[in-house]
Amino acid sequence: MSNIKVAVIGAGVMGKNHLKTYKTLQGVDLVGVYDIFPEAAQKAAEMFGIKAFSSLDEVAAEVDAVSVVTTSVTHADVGEFFLNKGIHCLMEKPLATTEEGCQRLINAAKANNVTLLVGHIEQFNPAVEQMHKILNNTGMIRSLTAQRMSAASGRITDVDVAMDLMIHDVEVVLSLVKDKVKTVQAAAVRTPDHASGKDYITALLEFENGVTANLTASRITQARVRTLTVTTDTNYIDMDFINQSINVHSQGRMPYVNQEEIPEWMNYGLKGSVEQLFIPTNQPLQAELNHFIACVNGKATPRISGENALAALRVLWEIQSKLGFTNSVAEKMAFAAE
C-alpha cells in the first residue's frame with residue numbers, strides 16, 4: 001500500500017507538534033504545511049523540510065489527508081472544504097464552535113465517505129485506554145470526579161476555562177458513562193482579579209442512569225492537576241492523566257474462620273487493598289496520528305467521531321449557559337495560535 005500524503009493546516013504551536021510527529025510515522029509522506037500567514041508557513045516548512053502551500057486549493061490537489069490545526073472559529077469552513085474534496089480530516093478539538101458548524105462537518109464526511117476524526121487527545125492517553133477496559137469488566141459506575149487545574153497559560157487567552165480545559169474531561173466522562181446527560185449545574189469562582197468567573201468553574205452532571213459526575217477546571221491554581229476518580233459498586237479507581245497511572249482500591253471481608261475470631265471491638269472486619277496497574281506509557285499525539293492514518297487506510301474506525309465530539313460540546317455549551325456565558329461569546333471562542 002502506498003504512503004498516505006498528509007499536510008498540516010495551521011503552523012502554530014500545535015500545528016508544529018503535528019508536523020514533528022508526522023515526520024516520525026511509517027506509511028506517511030508529510031507533503032507540506034499551510035497557514036493564513038505565509039511567513040509562518042514558510043518558517044515551518046523550512047524547519048521540517050517540506051513545502052509551504054500558498055492556498056487550500058493547492059493543498060487539496062496534492063494530499064490524501066490533513067490535520068486541521070487552526071483557530072476554532074475556522075474549523076467548520078476549513079474542514080468542510082477538504083471533506084467535500086474527498087480528503088480525510090483530523091480536526092483538532094473543538095470540532096467547531098456552533099451546532100450548525102459541527103453538523104456541516106459530520107454531513108460532509110458522510111456524504112463523501114471520508115474519515116472525520118476529532119482530536120480529543122486524552123482518548124489516546126494509555127491510562128484512559130486502560131480505564132475503558134477496567135470499567136468494561138467491573139461493577140456499575142456510580143460517580144466520577146475530574147479535576148483539571150493549572151495556572152494561567154500565555155498560549156490560550158481568548159477562550160474560557162470550560163472550552164480550554166473542561167472539554168477534555170466532559171468528553172472522557174461521556175465516553176465512560178455511555179448515557180445521556182439529564183441535568184447540568186455549574187458555578188464559577190469570582191475574585192477581584194477574575195471577576196468574570198471564566199477561569200475557575202465547577203460543573204455537576206447527572207446522567208439518566210443515575211450516575212453523577214463532578215468536574216472542576218481552573219486556570220488560577222498554582223499546581224498542575226489532571227485527575228479522574230471513579231466510584232463503582234465494587235471499587236474506587238483513581239487515575240492521573242499526567243503520570244499515566246491508575247490505582248484500584250478495594251475492600252472485602254476479613255478472612256475470619258468463624259464469628260468467635262472477630263475482635264470484641266468490632267462487629268465485622270474489612271480488608272483494604274490497593275492495586276497499582278502497570279500501564280506502558282506512550283506519546284498520545286503519536287498514537288492519535290497513527291490511529292488517524294489507520295482510519296484513512298480503512299483499518300480502524302474513528303475513536304472520536306463527529307457525533308461524539310458534538311455530544312461533548314452540547315454539554316459544554318450547557319455548562320457555559322448555566323454560567324451566563326452568552327451564545328455569541330461561546331461561538332467566538334477560539335484557541336489562539338494552536
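- Formation of a donor-acceptor pair under 3.5 Å by the Thr221 side chain with backbone atoms of Ala223 is not found in this model.
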### Task
Report the C-alpha distance between Glu58 and Lys51 in whole Å, list the side-chain angles of each, state the deciding distance to 0.1 Å, and finish with yes or no for salt bridge (charged side-chain N to carboxylate O under 4.0 Å, His left out).
CA-CA 11 Å; Glu58 186 183 6; Lys51 181 177 181 178; 2.9 Å; yes
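- Applying the side chain to side chain donor-acceptor pair (under 3.5 Å) test between Ser143 and each of Asn214, Thr212, Thr229 identifies Thr212 as the sole match.
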### Task
Let me see the working for Arg104 and Glu100 under salt bridge (charged side-chain N to carboxylate O under 4.0 Å, His left out), right down to the final yes or no.
CA-CA 6 Å; Arg104 283 164 53 196; Glu100 182 267 343; 3.7 Å; yes
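- Using a 4.0 Å cut-off between a side-chain N of Lys or Arg and a carboxylate O of Asp or Glu, Glu208 and Lys182 do not qualify as a salt bridge.
- Partner Arg303 forms a salt bridge (Lys or Arg N to Asp or Glu O under 4.0 Å) with one of Glu288, Glu129, Glu122 and no other, that one being Glu129.
- A salt bridge does not link Lys198 with Asp160: every distance from a Lys NZ or Arg NE/NH1/NH2 to an Asp or Glu carboxylate oxygen is 4.0 Å or more.
- Residues Glu206 and Gln185 bring no donor and acceptor atom of their side chains to less than 3.5 Å of each other.
- Under a 4.0 Å N-O distance rule, the pair Glu318/Arg314 does not qualify as a salt bridge.
- Ionic pairing of Arg226 and Asp240 is not present here: no N-O contact between side-chain nitrogen and carboxylate oxygen is shorter than 4.0 angstrom.
- Side-chain N/O atoms of Glu92 and His18 include a donor and acceptor closer than 3.5 Å.
- Relative orientation of the His291 and Phe124 rings is tilted, given thresholds of 30° and 60° on the angle between their planes.
- Under 3.5 Å, the side chains of Asn308 and Ser305 contain a donor-acceptor pair of N or O atoms.
- Cluster annotation: Leu56 and Leu105 are assigned to the same hydrophobic cluster (Ile/Leu/Val/Met/Phe/Trp/Tyr, side-chain heavy-atom contacts under 4.5 Å, transitive).
- Placement of Tyr200 and Val184 in two distinct hydrophobic clusters is found when ILVMFWY residues are connected by side-chain heavy-atom separations under 4.5 Å, directly or transitively.
- Val211 and Ile134 end up in the same hydrophobic cluster when Ile, Leu, Val, Met, Phe, Trp and Tyr side chains are linked at under 4.5 Å.
- Remark: Arg148 engages Asp169 in a salt bridge, criterion side-chain N to carboxylate O under 4.0 Å.
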